[in-house]
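A short write-up of the structure that comes next.
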There are 2 protein chains.
Amino acid sequence: MSQQARRSPRRTEALSRERIVEAAVGMLDAAGEGGLTFRALTERLATGPGAIYWHVANKGELLAAATDAVVAAALAAEPEGASPRDRIRALALGLFDAVDAHNWVAAQLSASSWQVTTPRIFEGVGRHVSAMGVPREQWFTVTSVVVQYILGAAAQNAANAQVLGPGADRGEFLAKVSTAWEELDPDDYSFTRTVAQQMREHDDRQQFLDGIDLVLAGITAVHPPAG
Amino acid sequence: MSQQARRSPRRTEALSRERIVEAAVGMLDAAGEGGLTFRALTERLATGPGAIYWHVANKGELLAAATDAVVAAALAAEPEGASPRDRIRALALGLFDAVDAHNWVAAQLSASSWQVTTPRIFEGVGRHVSAMGVPREQWFTVTSVVVQYILGAAAQNAANAQVLGPGADRGEFLAKVSTAWEELDPDDYSFTRTVAQQMREHDDRQQFLDGIDLVLAGITAVHPPAG
DNA sequence: ACTTCCTTGGAACGCCATTCCAGAGAGGCT
DNA sequence: AGCCTCTCTGGAATGGCGTTCCAAGGAAGT
């Protein structure tokens, strides 16, 4: 199909899959999911659709490649920390921050990327899970749970950020949602009403870390290190 | 804007928001995310686009309404079980099965539906969390974690089902992915390779329940009922 | 009967992903 | 040198999509 290799330089930098993916990430970051169109991409790269389609099969593949680029970068930094738990925390937080910075990634992680991107995350988490003393025959299950939580929380967080928009005030947004919760029907939403205030004051990142700790506590409770 | 009410019957059943949403759910179930188009919808309802747009603002709102209809139905059955834990399990499993049956829902839950659908789920989970003896000031955080895990796991599961397609053999699919994992680079994917066999034999539903139990164990570990 | 206004469906618009194709330009061959 | 080949390009064209506009249908109120 493709692979351009040894070729002398041109007036403009030669087109390549790498350069296309890079441009795609930039456009997605700037304008969100709907900001990536082949029209805009051809303009940005000063070329035509045919040139792009030579390097990339279709939009889905481009989206998957862009997602993989972001995740790979987030996973590139070796997680610091002495214990496996600390390393899981660091890895999870890195992923969370990456999804927060590129919030179009969330939708992709729950979609096409199973082929390449998810194994990457799975491997990173799994190594530390196995180091935690979880019995071997539970490795797959436990690792899956951790990955599912990380991706679920990151996706949820990105969804909130998306309805917000790039320039909006976060505190104002939380206050608005909190007020909306307080005005729900007391019969149907008694619980939600009572936590409306906590929701107003919460910090997304801290809550995510609390969630990781809770899952990790669950792992040690179900699979004690000594057993 | 809308609300049609007292009107005598016609040759064909009168159009209504309810009937449109119902048709949309049917089309999404039958043909997936891409199966819902206004063109096909007008044909199925034997009408024109203008008629539909009179009842529904745009496609996003229609998708949100369809999602809410599915989730509301899944949450309608009062969860059985004596303990709060059992009720959380029942509620979570109901949601998981609903997303599995309508796997286009997953993408929506991580998107627009924050306004209506997520509070519904949040309330259902939160009531049982508060009954578990979690300290009041942790209700929001703990409930969020549980909801995030449920949605994350359901989304992940639906994503797998989606690449599979309606008629494909599940065992065959697992075998194929498992084999692909076994052929990964041993240096980069040592962990993933060792659990490839477990992945081949796992059961999605059972693993989801194990995950719920793990999270619940984490809750009691961090917030002991007596404390 | 006449007016009003909710409701309908067809025609048209602009944008999108994708396909097709004529050809530019660099190596390799003779 | 000339020619051929094969990679790579970009412009034009296609079909499908969400959405808008609007002329009219038809029951309710007078």
Report which part of the nucleic acid B:Ala57 touches: base, sugar-phosphate, or nothing (heavy-atom distance under 4.0 Å, all strands).
-> nothing
Scan A:Ile52 against the nucleic acid and name what it touches under 4.0 Å (heavy atoms): base, sugar-phosphate only, or nothing.
-> nothing
If you check every side-chain atom of B:Lys59, which of D:dG18, D:dG11, C:dC16 has the closest atom?
-> D:dG18
Where the side chain of B:Pro49 is concerned, which of D:dT19, D:dC17, C:dT18 is the nearest nucleotide?
-> D:dT19
Nearest-Å distance, CZ (B:Arg39) to C1' (C:dA12)?
-> 10 Å
Please report, rounded to the nearest Å, how far the P atom of D:dG15 is from the CZ atom of B:Phe38.
-> 24 Å
Closest listed nucleotide, where the reference is the side chain of A:Ala51 and the choices are D:dT20, C:dA12, D:dT9 = D:dT9
Nearest-neighbour nucleotide for the A:Trp54 side chain, C:dA17, C:dG10, D:dC8 considered | D:dC8
Below 4.0 angstrom from OP1 or OP2 of C:dT8, is there any side-chain N or O of B:His55?
-> yes
May I ask you to check whether A:Gln207 and B:Thr141 show a side-chain donor-acceptor distance below 3.5 Å?
-> no
Separation of B:Leu15 atom CG from C:dG10 atom P, in whole Å?
-> 13 Å
So which nucleotide from C:dA17, C:dT19, D:dT19 ends up closest to the side chain of B:Tyr53?
-> D:dT19
Could you verify whether a donor N or O on one side chain and an acceptor N or O on the other, from A:Asp68 and A:Thr117, lie under 3.5 Å apart?
-> yes
Looking at every strand, decide which applies to A:Leu45 at a 4.0 Å heavy-atom threshold: base, sugar-phosphate, or nothing.
-> nothing
Looking at every strand, decide which applies to A:Ala40 at a 4.0 Å heavy-atom threshold: base, sugar-phosphate, or nothing.
-> nothing
Closest heavy-atom pair and its distance - B:Thr37, B:Gly34 = CG2-O, 3.9 Å
Rounded to whole angstroms, how far apart are CD on A:Glu43 and P on C:dA17?
-> 14 Å
Return the value, rounded to whole Å, for the distance between atom CG of B:Leu63 and atom P of D:dC17.
-> 15 Å
